[in-house]
Undergrad: 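I have a structure I would like to understand better, so I am pasting it below and will then ask my questions one at a time.
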2 protein chains.
Amino acid sequence: MGNMVRWEPDSRGRLEQAALALYGERGFENTTVAEIAERAGLTERTFFRHFADKREVLFGGAGGLQELMVGAVADAPAATSPINAVMAAVVAAGDLLQERRDFARRRQAVIVANAELRERELIKMATLASALADALRGRGVHEPAASLTAEAGVAVFRVAFERWVEAPDPSDLPSFMRASFDELKAVTSGE
Amino acid sequence: MGNMVRWEPDSRGRLEQAALALYGERGFENTTVAEIAERAGLTERTFFRHFADKREVLFGGAGGLQELMVGAVADAPAATSPINAVMAAVVAAGDLLQERRDFARRRQAVIVANAELRERELIKMATLASALADALRGRGVHEPAASLTAEAGVAVFRVAFERWVEAPDPSDLPSFMRASFDELKAVTSGE
């Protein structure tokens, strides 16, 4: 450290951009934290102030997303049906991710290319489904309805998200989610 | 090897029993192949004739189960709706697993106790959902209906299986699956 500690505006965002660029160019497994920091024009120390490791750049947002979704289920009006409470949570997540489409697209490409990251993503989704089922039980929903509703919500979330990420034009994620939910209703009713 | 090669009746079944007993007693991670073979009264060589490694004792059946389910989707009559084709696959899997309830129960307890095995199980379930979605697309089902139907089927499968494994009496797995499917229909229709 020199005499003066410079304040780096949006160092977290710069590190994210640098990491995604490098993961895309040379693969997640072949990128080091030192390289990410260098690309961002920052130090490794700064990297570790924002992220525990290079995987955290990709998964650091999952906790906040889950908290938002669990909160949406818990806060839905008492008269709301379980599936509509979960849908409110999924759409709330869509509103948030919508703001970060470029990040979401590039992140998805990195994850699809790496088996270990795909596994980590599956674990995050399973954890999310458990947390949503818990939140539904907290609303008095019994089993197996709570687990099935939560799993259905996560399936809608994932399928809609993947279609949105691959869509050529930057369409509206919450509307992909509503369409995916309507499709699930149609398929389960046997149409 | 001695002068005489003894034929060991059901050595595969004995190795499975020994492995599950040891995994339950001391944990999957603390059990060696040598110990499994010894408990079964067989040699390590015999173990490796049946299983690639100690994890294979738990996951060796997944490929056959997936093949059975994909076949059931592909072979469903042309007029069968996508969700009913997937349900036929789920119930076919239930018929098979039903025969092995004791193995399924003990296997589940081992998997729940070990993070690495839980991840492996998640991966198998995601692979199964992909394979079922493929089989539906082979029947002319478009996206996102194919993926959503497959995910819904796997959710029904998992939730019903977990309830059946935990049930105090050895009830009929296919009927758990049909009940779970009816429940999914009820929750997605917002009841």
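Within every chain, numbering begins at 1; the chains are lettered A, B, ... in the order of the sequence lines, protein sequences first and strands thereafter. Quick caveat: nothing in here was measured; it's all calculated off a predicted structure.
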Undergrad: Look at atom CD of E67(B) and say whether more than 12 heavy atoms of other residues, nucleotides or ligands are closer to it than 6.0 Å.
TA: no
Undergrad: Can you tell me how far the CG atom of L184(A) sits from the CD1 atom of I83(B), to the nearest 0.5 Å?
TA: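 It is 8.0 Å, given to the nearest 0.5 Å.
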Undergrad: Name the region of V156(A), side chain, backbone, both or neither, that has any atom closer than 4.5 Å to a heavy atom of chain B.
TA: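 Both parts, heavy atoms under 4.5 Å.
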Undergrad: Tell me, for E162(B) versus chain A, whether the close heavy atoms (under 4.5 Å) come from the side chain, the backbone, both or neither.
TA: neither
Undergrad: Going only through I, L, V, M, F, W and Y residues with side-chain contacts under 4.5 Å, is there a path from L117(B) to I123(B)?
TA: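 No, separate clusters.
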Undergrad: Determine the option with the most heavy-atom pairs under 4.5 angstrom with chain A, choosing from S180(B), A152(B), A160(B), S147(B).
TA: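 Of the options given, most contacts go to S180(B).
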Undergrad: A145(A), A150(A), A126(A): which one forms the most heavy-atom pairs within less than 4.5 Å of chain B?
TA: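 Of the candidates given, the most pairs with chain B belong to A145(A).
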Undergrad: Just wondering, are more than 12 heavy atoms of other shown residues or ligands nearer than 6.0 Å to CD in E38(A)?
TA: no
Undergrad: At their closest point, which heavy atom of P144(A) faces which heavy atom of V159(B), and how far apart are they?
TA: CB-CG1, 3.5 Å
Undergrad: May I ask whether L15(B) and F59(B) are part of the same hydrophobic cluster, defined by side-chain heavy atoms of I, L, V, M, F, W, Y residues being less than 4.5 angstrom apart, directly or through others?
TA: yes
Undergrad: Can you tell me which portion of R158(A) sits under 4.5 Å from chain B's heavy atoms? Options are side chain, backbone, both or neither.
TA: side chain
Undergrad: With chain B as the partner, which of L122(A), V154(A), V141(A) has the greatest number of non-hydrogen pairs under 4.5 Å?
TA: L122(A)
Undergrad: Applying the 4.5 Å side-chain criterion to the ILVMFWY set and letting contacts propagate, would M125(A) and V112(A) be lumped into a single cluster?
TA: no
Undergrad: Among E183(B), E151(B), M87(B), which residue forms the greatest number of heavy-atom pairs with chain A at distances under 4.5 Å?
TA: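 Of E183(B), E151(B), M87(B), E183(B) has the most heavy-atom pairs under 4.5 Å with chain A.
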